[in-house]
Amino acid sequence: MTLDRSAGLAETARALAAGEVTSRVLVERTLARIEATQDSINAFRIVRAEAALAEAEAADRELAAGERKPLLGVPVAVKDDMDVAGEPTAFGCCGEFPPVTEDGEAVRRLRAAGAVIIGKTNTCEFGQWPFTEGPAFGATRNPWSTDHTPGGSSGGSAAAVAAGLVPAALGSDGAGSVRIPAAWTHLVGVKPQRGRISTWPRGESFQGITVNGTLARTVADAALLLDAASGNHPRDPHRPPAVDLLSAIGRDPGRLRIALSLKPPFTAVPARLLPEVRARVVALAERLAAAGHTVEEADPPYGQIGLTFVPRATAGIAERVDEAPFPALLDRRTRDAARLGRLLGGAPLRVARRAEAVLHRRIGAFFTKYDVVLAPTTAAPPPRIGALLELSGFATDRAMIAACPYAWPWNVLGWPGVNVPAGFTTDGLPVGAQLLGPANSEPLLLQVAARLESELRWSEKWPEPPVTARSAA
């Protein structure tokens, strides 16, 4: 049997366990695809060619001995804010960073599940923006249109999966950084409950707003990777109850009450949902209504939730900048955000953190009437490469909020959200919708996503022409 780039995570794991292909062969093909697309897509900051081949050979020995693990021998990628032993963690920054000595907890758990870590994917500097560009590595491009960004900050992971370089990848989401690139590259992107996938060696990343999540072409593959990476370090401050997501997606969610929320949450500058994106999200709502769910327009009571986000986000940037080995090489916008974060890092930060409990109660009450929120993931399709790169800090914030006003409130809450592909604009650019729920609602959200996938079959559509044409299938 020959597995091509369309083989997903679950299918690849099954073929390996059945002896239909070896891990070394899969890794060799993956490396060839990455090499063939680095000039055009530029998804990877680090490619672990020698180490990955050695890991593949070790996996093949385990498979031959009858060992079975969920991802044994399967090549996956992780974002370059995650520690991989022996590799630097530059997190989108310029400069030569020293290799770390230990895997982060999420990577450790992937290895325990048998995965081969093929490399680390590109991300913008400290994951701040919904584009993946910078002087450290150039521009990561969208496989659906290389003139456009795949989004950010997990743009490298999204581009790698959308291009068929790997079947799935880990990213991180601090203001939509998994869901936005998933929307803009036609993928399933899961931002799980805070603590579901450990961010250790940081117990809380960016004051608790950032979590690790998964990107894949199908709901089942996103769930499989999420199950494999989930779990906690003994010193993690957030330890949600365990869930078995792969099993959950096969169950019927029953008839649900779904709130269609099209109004952007509180923003300091204007944000407008573009009609083309609105139409795609409404079409998903109509499908859910046709399936028997009760769907009505309603917006969660966000209030001025943005006032709680800014201190946490900028204080998190300040922490990263204070640790950076080459602060003079950082983007001016990063340094400005860090200065603001130091100003807000005292009483304003404490107030912002305390406000989370109030928000949980207020927005949690909304979920006594509704089971799920359906909202746009972004207000617009992906911008062109370079459109935001050279803007001032204020202009970047304005552009970012205008394009992406919908995702960040769920980072303040720490609750789960799932991007699902919603279709394409008339220009052929992908857009997405997000399913949002209360604490620990990943099973329900993925069940709804799986029902939509069974009708829309979004994983069957690929970027054309194939971006991996120079590599073996």
Side-chain angles (χ1 to χ4, degrees), residues 6 37 40-41 129-133 139-152 154-155 158-159 161-164 176 178-189 215 217-218 260-264 267 270-290 295 297 374-389 391 398-407 418-435 449 452-469:
S6 67
T37 58
S40 58
I41 301 299
W129 305 303
F131 58 88
T132 302
E133 302 171 55
T140 297
R141 296 175 179 271
N142 195 320
W144 293 93
S145 169
T146 54
D147 291 333
H148 293 79
T149 182
S154 303
V161 176
V178 162
R179 289 163 289 156
I180 291 166
W184 285 348
T185 58
H186 195 66
L187 299 177
V188 177
L215 294 120
R217 296 187 62 79
T218 69
L260 173 62
S261 178
L262 299 173
K263 181 181 178 181
T267 58
R272 183 177 72 89
L273 177 61
L274 295 188
E276 267 198 295
V277 180
R278 185 187 193 281
R280 304 302 183 275
V281 178
V282 169
L284 289 186
E286 291 169 348
R287 281 189 173 271
L288 290 169
V295 181
E297 288 199 38
L374 174 68
T377 303
T378 68
R384 287 185 172 272
I385 293 290
L388 284 72
L389 186 61
L391 298 179
R398 285 182 63 93
M400 186 164 59
I401 291 168
C404 305
Y406 290 99
V418 178
N419 177 79
V420 295
F424 297 83
T425 68
T426 53
D427 293 331
L429 297 173
V431 294
Q434 54 181 341
L435 300 164
L452 286 170
E453 181 181 66
S454 68
E455 290 187 36
L456 298 173
R457 305 172 70 90
W458 53 61
S459 66
E460 296 177 3
K461 190 169 182 61
W462 284 84
E464 294 293 344
V467 295
T468 53

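The analysis underlying the following values was restricted to heavy atoms, covering all of them including side chains, and did not include hydrogens, waters or symmetry mates. Small disclaimer: the values here were computed from a predicted structure and weren't measured.
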Quiz prompt | Where A158 and L215 come nearest, the two heavy atoms and their spacing | solution = CB-CD2, 4.0 Å
Quiz item: With respect to T185, which candidate in S154, P430, P150, P463 satisfies the side-chain contact (heavy atoms from CB on, under 4.5 Å) definition?
Solution: P150
Quiz prompt | Check: E276 side chain, T426 main-chain N or O, donor-acceptor pair, under 3.5 Å | solution = yes
Quiz prompt | From R278 atom CZ to L262 atom CG, the distance as rounded to the nearest 0.5 Å | solution = 5.0 Å
Exercise. Kindly say whether D147 contributes a backbone atom to a donor-acceptor pair with the side chain of R141 at under 3.5 angstrom?
Key: no
Quiz prompt | Nearest non-hydrogen partners of A379 and V277, listed with the distance | solution = O-CG2, 3.7 Å
Quiz item: What's the shortest heavy-atom distance between W458 and A449, and which atoms?
Solution: CH2-O, 3.5 Å
Quiz prompt | Stepwise side chain to side chain contact (heavy atoms under 4.5 Å, CB included) test for L187 and R217 | solution = CA-CA 5 Å; L187 299 177; R217 296 187 62 79; 3.9 Å; yes
Exercise. Compare every heavy atom of P421 with every heavy atom of L284, then report the nearest pair and how far apart it is.
Key: CD1-O, 4.3 Å
Quiz item: Side chains of W462 and S6: closer than 4.5 Å at any heavy-atom pair?
Solution: yes
Quiz item: Can you tell if the side chain of R179 reaches within under 4.5 Å of the side chain of Y406, non-hydrogen atoms only?
Solution: no
Self-check item: L452 CG to R457 CZ distance, which is reported to the nearest 0.5 Å
Solution: 14.0 Å
Practice problem: Could you tell me the separation between the CD1 atom of I385 and the CZ atom of F131, rounded to the nearest 0.5 Å? | Solution: 10.0 Å
Quiz item: Side chains of V431 and T377: does their closest heavy-atom pair fall under 4.5 Å?
Solution: no
Quiz prompt | Test item: L374 and V295 side chains (from C-beta on) under 4.5 Å apart, heavy atoms | solution = no
Quiz item: Looking just at side-chain N and O atoms, do T149 and E133 make a donor-acceptor pair shorter than 3.5 Å?
Solution: no
Quiz item: Below 4.5 Å, heavy atoms only, C-beta onward: do P381 and L274 meet side chain to side chain?
Solution: yes
Quiz item: Which pair of heavy atoms, one from T140 and one from G155, lies closest together, and at what distance?
Solution: CG2-O, 4.0 Å
Quiz item: Any side-chain heavy atom of R287 within less than 4.5 Å of one from L456?
Solution: yes
Quiz item: Between V420 and E453, is any pair of side-chain heavy atoms under 4.5 Å apart?
Solution: no
Practice problem: Among T378, N142, N419, find the one that has a side chain to side chain donor-acceptor pair (under 3.5 Å) with W184. | Solution: T378
Quiz item: If only atom types and distance count, is the side chain of Q434 paired as donor or acceptor with the main-chain N or O of P376 below 3.5 Å?
Solution: yes
